[in-house]
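Letters A, B, ... mirror the listed sequences (proteins, then strands); counts begin at 1. Being a predicted model, the structure only gives us computed values, none of them experimental.
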2 protein chains.
Amino acid sequence: MSYTYRHPRPSITTDILIFSIRERKLQVLLIQRKGEPFAGAWAIPGGFIRMDEDLVDGALRELQEEAGVTDVPLVQFRTYGRPGRDPRDRVVTVAFMALIPSGHIVARAASDASDAQWFPLTDLPALAFDHAEILADARQRLAEDVTVSVQRTGRVAFDFLPAEFSLSQAQSVFEILRGEELDKRNFRKWLLSTWSIEETGGQTSGTGHRPAALYRLTPGTDAKDLPG
Amino acid sequence: MSYTYRHPRPSITTDILIFSIRERKLQVLLIQRKGEPFAGAWAIPGGFIRMDEDLVDGALRELQEEAGVTDVPLVQFRTYGRPGRDPRDRVVTVAFMALIPSGHIVARAASDASDAQWFPLTDLPALAFDHAEILADARQRLAEDVTVSVQRTGRVAFDFLPAEFSLSQAQSVFEILRGEELDKRNFRKWLLSTWSIEETGGQTSGTGHRPAALYRLTPGTDAKDLPG
DNA sequence: CCTGATTGGTGTTTAATATACACCAATCAG
DNA sequence: CTGATTGGTGTATATTAAACACCAATCAGG
């Protein structure tokens with residue numbers, strides 16, 4: 001019984017989709033590739049996994065190496081392994097995504113990429129490999145999580161907000177994700193009654209107008225269980 | 001610039017979680033392993049991917065080889081790649097799941113497994129590898145899809161029903177997935193108004209009591225879009 | 001063929017949740 | 001001091017969900 005396998009193996013990479021809301025638009029972080037194939041093309045940041053690291057750790061490492069980004073909570077999203085998706089060789093890629101508050105990330109081109117930049121989903125460049133497909137899938141998954149999950153808007157919306165946020169900030173994020181304007185009073189009533197949110201005591205300042213009270217999401221707002 | 005990579009590569013497998021409702025319980029299909037490691041232990045069906053097949057095709061092939069199961073709609077679920085999860089070697093596995101109507105599958109132990117059997121989720125055997133973790137994750141995902149998705153019960157419930165079903169059958173499935181009894185009249189009202197369901201004209205027969213009208217889900221009942 | 005057992009099928013009333021809608025308050029810039 | 005800008009609040013109406021009971025159709029068995 002052979003314990004060491006000699007069968008051919010695909011390579012494994014990770015790809016990481018970082019979404020954020022900037023300038024009131026949903027945007028994604030892309031890098032410009034340095035090496036072949038697709039040198040010079042825009043792509044989702046990512047790269048080969050090492051033998052001794054878990055998938056998510058490889059993704060975090062690549063994110064650091066290519067975009068100078070650290071400290072983002074990654075959620076695994078989907079794995080792509082169609083033969084031919086990489087022109088060099090059989091490559092299976094595990095895609096992760098992260099939803100982050102705006103301003104929390106300063107993306108700079110790091111060693112493995114020649115540039116790193118935010119793109120609104122409405123205005124994307126051509127992408128390397130099957131990255132356009134991956135991005136489209138991620139966008140749809142996000143839409144499902146956001147719009148379908150809790151009848152109106154799911155808790156993923158909070159991932160786009162900083163830990164402490166004003167109700168107006170929250171409303172803005174929910175509006176962008178849902179693509180429609182919401183009534184201020186109804187939104188506040190709904191947010192406070194649905195999501196167990198507490199006032200922090202802090203206020204916004206230096207805004208040029210009346211300051212807003214700050215709130216935070218009390219931890220522990222998750223899915224229910226299935227019997228059996 | 002090297003186009004052929006000599007770096008070490010993990011092996012890639014697929015694992016397939018087949019859920020069905022049998023005897024009014026949510027059950028999962030497991031196989032008993034023939035080979036090492038974990039020979040004789042129960043496990044989620046699955047196996048190594050080939051170089052020329054897509055991930056889902058490899059999963060379908062393994063399902064056929066190990067459990068004699070064909071023709072199930074697989075949905076990719078999650079990928080597991082923690083170093084050490086397979087005692088032999090670095091193995092990354094892509095997990096799929098399928099939700100199928102009861103009676104639609106006759107599982108028989110096929111060539112690569114010594115047995116294939118349904119287990120209620122309440123009464124699972126010890127599992128090989130990290131399969132208990134994978135199964136727990138799948139169960140939770142299913143719970144989220146079912147319970148959270150549409151405020152009460154999502155369209156995945158229909159995956160457990162045959163193409164034509166009576167309203168009582170539907171109610172039974174929804175009750176099992178939600179773990180609570182539902183009011184017959186309210187359920188029917190809700191089902192018919194929410195899901196665009198049409199009468200087929202057919203009836204159940206040979207049930208020993210009044211026959212029930214048959215319905216089907218009109219195709220096209222999906223998620224909304226995200227702007228931008 | 002008559003009876004009982006079993007599941008199929010149907011509306012209305014009440015409670016809960018969601019929606020529509022307008023004004024005063026606090027800060028900052030000039 | 002004034003105007004511009006965003007923060008903050010309540011009520012009335014419409015929609016959606018929940019509770020609740022009886023007759024109908026088939027089949028099995030006497």
Side-chain angles (χ1 to χ4, degrees), chain A residues 21 23-24 102 146-154 157 161-162 164-176 178-216 221 224, chain B residues 23-24 102 146-154 157 161-162 164-216 221 224:
Chain A
I21 292 176
E23 297 156 3
R24 287 191 65 88
S102 60
V146 166
T147 307
V148 175
S149 267
V150 187
Q151 179 77 352
R152 55 183 58 62
T153 314
L161 285 166
E164 302 201 354
F165 52 86
S166 73
L167 298 184
S168 305
Q169 281 179 287
Q171 182 171 347
S172 168
V173 166
F174 278 75
E175 283 175 340
I176 291 164
R178 294 185 53 192
E180 61 182 336
E181 302 210 328
L182 303 172
D183 178 86
K184 190 173 25 162
R185 280 173 293 188
N186 291 340
F187 175 77
R188 288 156 117 92
K189 257 185 301 183
W190 171 80
L191 194 82
L192 295 171
S193 67
T194 311
W195 289 105
S196 92
I197 277 170
E198 56 194 16
E199 233 176 314
T200 67
Q203 284 198 333
T204 56
S205 63
T207 52
H209 52 76
R210 175 172 174 178
L214 292 177
Y215 293 78
R216 82 182 124 236
T221 316
K224 288 153 206 163
Chain B
E23 297 157 2
R24 288 191 64 88
S102 59
V146 166
T147 307
V148 175
S149 266
V150 187
Q151 180 77 351
R152 57 180 57 61
T153 314
L161 285 165
E164 303 201 353
F165 52 86
S166 73
L167 298 184
S168 305
Q169 281 179 287
Q171 182 171 345
S172 168
V173 166
F174 278 75
E175 283 175 341
I176 291 165
L177 293 176
R178 295 186 51 194
E180 61 181 336
E181 302 209 329
L182 303 172
D183 179 86
K184 189 170 29 160
R185 280 173 293 190
N186 291 340
F187 175 78
R188 287 154 117 92
K189 257 185 302 184
W190 172 81
L191 194 82
L192 295 170
S193 68
T194 310
W195 288 105
S196 91
I197 278 169
E198 57 195 13
E199 234 176 311
T200 67
Q203 283 197 335
T204 57
S205 63
T207 52
H209 51 77
R210 176 172 174 177
L214 292 176
Y215 293 78
R216 80 183 125 237
T221 318
K224 288 154 206 163

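For B:A212, the side chain to side chain contact (heavy atoms under 4.5 Å, CB included) criterion is met by B:S166, B:T204, not counting sequence neighbours. Residues forming a side chain to side chain contact (heavy atoms under 4.5 Å, CB included) with A:E199 (at least two apart in sequence, or on another chain): A:A213, A:Y215. Listed by chain and number, the residues in a side chain to side chain contact (heavy atoms under 4.5 Å, CB included) with B:E23 are B:K25, B:Q27 (sequence neighbours excluded). Residues passing the side chain to side chain donor-acceptor pair (under 3.5 Å) test with B:K189, sequence neighbours excluded: B:N186. Take A:S172 and apply the side chain to side chain donor-acceptor pair (under 3.5 Å) test, not counting sequence neighbours, and it matches A:R24. Annotation: salt bridge (charged side-chain N to carboxylate O under 4.0 Å, His left out) contacts of B:R216 (sequence neighbours excluded): B:E164, B:E198.
Near DNA chain D, meaning a heavy atom under 4.0 Å from it, residues 165-172 of chain B has no residue at all.
Within the 4.5 Å cutoff, side-chain heavy atoms of A:I197 are placed close to those of A:F165.
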Expected rows: protein N/O vs nucleotides 26-30 of chain D N/O, under 3.5 Å:
residue, atom, partner, partner atom, Å
D:dC27, O4', B:G208, O, 3.3

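With rounding to whole Å, B:E175 atom CD is found 14 Å from C:dT7 atom C1'. Rounded to whole angstrom, the span from the CZ atom of B:R188 across to the P atom of C:dG11 amounts to 12 Å.
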Intra- and inter-strand pairs of DNA chain C in dot-bracket (Watson-Crick or G-U wobble, both distances under 3.5 Å; | for another strand): ||||||||||||||||||||||||||||||
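Below the 3.5 angstrom threshold, one finds a donor paired with an acceptor across the side chain of A:K189 and the base of D:dT11.
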